[in-house]
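Take a look at this one; I'll ask things after.
Atom set for the values below is all heavy atoms of this structure, side chains included, hydrogens, waters and symmetry mates excluded. Just follow the structure's listing: the first ligand is 1, and inside any ligand the first atom is 1.
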Amino acid sequence: MNKVTAIAHTNIALIKYWGKKDEALRLPYTDSLSLTLDDFYTETSVTVSDEDQFFLDGELKSNADSQRVFNFLNYFRLKYNVKNSFLIESNNHVPNSAGLASSSSAFAALSGALAKASNLDLSLKELSQLARVGSGSASRSIYGGFVQWHAGHDDESSFAEQFDDASNSDINILSVIVNKNKKNISSTEGMNRTRMTSPFYKIWPDVVEHDLIKIKPAIKNNDIRTIGEISEHNAMEMHALTMSANPPFTYFDPETIEIMNIISNMRNENISVYFTIDAGPNVKVICHKKDVTLIKEKLEQQLANARIIITKPGPGITYK
Ligand code: PMV
């Protein structure tokens, strides 16, 4: 049987997705906007087979550990009336084995490879709709550059599309890895708890709408300072929601806060540098390409154990 291989890159949300209005279809409450990253990606091969099997980084996963992938295969078969079973071989590529596996690149690559292995000629929009059901953020990893996920109201209307290919952007991202352990509270659980218990969740849709309106012209103008300011504020608005949930929780580690302070001190030295943080303790630093080496040096001087990887805007899904 022919093997089909797809490659998709992770993305970092600049305007965050935080909360689902439909759990099964992963329909979000709000739009979100991300940047696809060059150095972190998943390569997934799919072969039509006698049974469903999932290998991750060369290791056959147990049924329990494959459940999310198998549920996704069942959804895919039902949606596209496919009868086959599949052998899935997925490998995460991250520099220096940073351990930053991501469901965004994983389900984007799996969607592309499954569609091709089943001889379905899906558009990028259809792939985005499909990937969304595996993991919300995966809907955005189908595309390169800056990507907007339209919340929509049903399966058909909820999909991502490229907002800007980032070819005129000199944005760079430093990925600062402080902790590669699995997070205690999954994004799904964190979103649900926040949505149901934070008294501030009701203003979140307005917050996102406001931040999106401001960041879009900044992206078009390659205005990295404004992109950074809005992204940092939006990240803190999201993390403030988790802290106001009941019981409250946070994804920050002590090192996360230390990095936030280092970034803020660099700004006092007139360096244009900002941060954003997803549902975990690691920090993504936003800056101009021309400043990236200096910023990396300064971070390394002040952080004993962190690993720092420089990256830039990355491409959309490709096949080998
Ligand atoms: O789609 P998930 O389950 O990876 O959730 C993503 C949640 C955030 O990373 C915090 C925000 C986002 O928009 O990617």
Tyr17 to ligand 1: N or O pair under 3.5 Å? yes

Can you list the atoms of ligand 1 that are under 4.0 Å from a heavy atom of Gly136? 1 (O)

Which part of Arg140 is near ligand 1, with near meaning a heavy atom under 4.0 Å away: side chain, backbone, both or neither? side chain

Show me the donor-acceptor pairs within less than 3.5 Å that the side chains of residues 312-320 make with the rest of the protein, sequence neighbours left out.
residue, atom, partner, partner atom, Å
Lys312, NZ, Asp38, OD2, 2.8
Lys320, NZ, Glu43, OE2, 2.8

Distance filter under 4.0 Å to Met191 heavy atoms, resulting ligand 1 atoms: 5 (O), 7 (C)

Lys/Arg-Asp/Glu bridge criterion (N-O < 4.0 Å) met for Glu232, Lys284: no

Are Trp204 and Tyr29 close enough that their ring centres sit under 6.0 Å apart? no

Classify the contact between Ser137 and ligand 1 as side chain, backbone, both or neither, using a heavy-atom distance cut-off of under 4.0 Å. both

Between Thr44 and Thr42, do the side chains contain a donor N or O and an acceptor N or O under 3.5 Å apart? no

Please state whether Arg26 comes within less than 4.0 angstrom of ligand 1, counting heavy atoms only. no

With no hydrogens and no angle check, just 3.5 Å: does a side-chain donor-acceptor pair link Asn261 and Ser264? no

Which of the numbered atoms in ligand 1 are below 4.0 angstrom from a heavy atom of Ala279? 10 (C)

Lys/Arg cation over aromatic Phe163: Lys220, 6.0 Å, 45° cone: yes

Residue Ala13 vicinity, atoms of ligand 1 by number, heavy atom under 4.0 Å: 12 (C), 13 (O), 14 (O)

Which ligand 1 atoms are under 4.0 Å away from a heavy-atom of Ser135? 1 (O), 2 (P), 3 (O), 4 (O)

Taking only non-hydrogen atoms of Ser103 and a 4.0 Å limit, the atoms of ligand 1 in range are 4 (O)

Look at ligand 1 and say whether Trp149 reaches it with a heavy atom at a distance under 4.0 Å. no

Do the charged groups of Arg132 and Asp155 touch, with an N to O distance under 4.0 Å? yes

One finds that the ligand 1 atoms under 4.0 Å from a non-hydrogen atom of Ser187 are 2 (P), 3 (O), 5 (O)

Which other residues end up in the same hydrophobic cluster as Leu60, if Ile, Leu, Val, Met, Phe, Trp and Tyr are linked when side-chain heavy atoms come under 4.5 Å apart? Phe55, Leu87

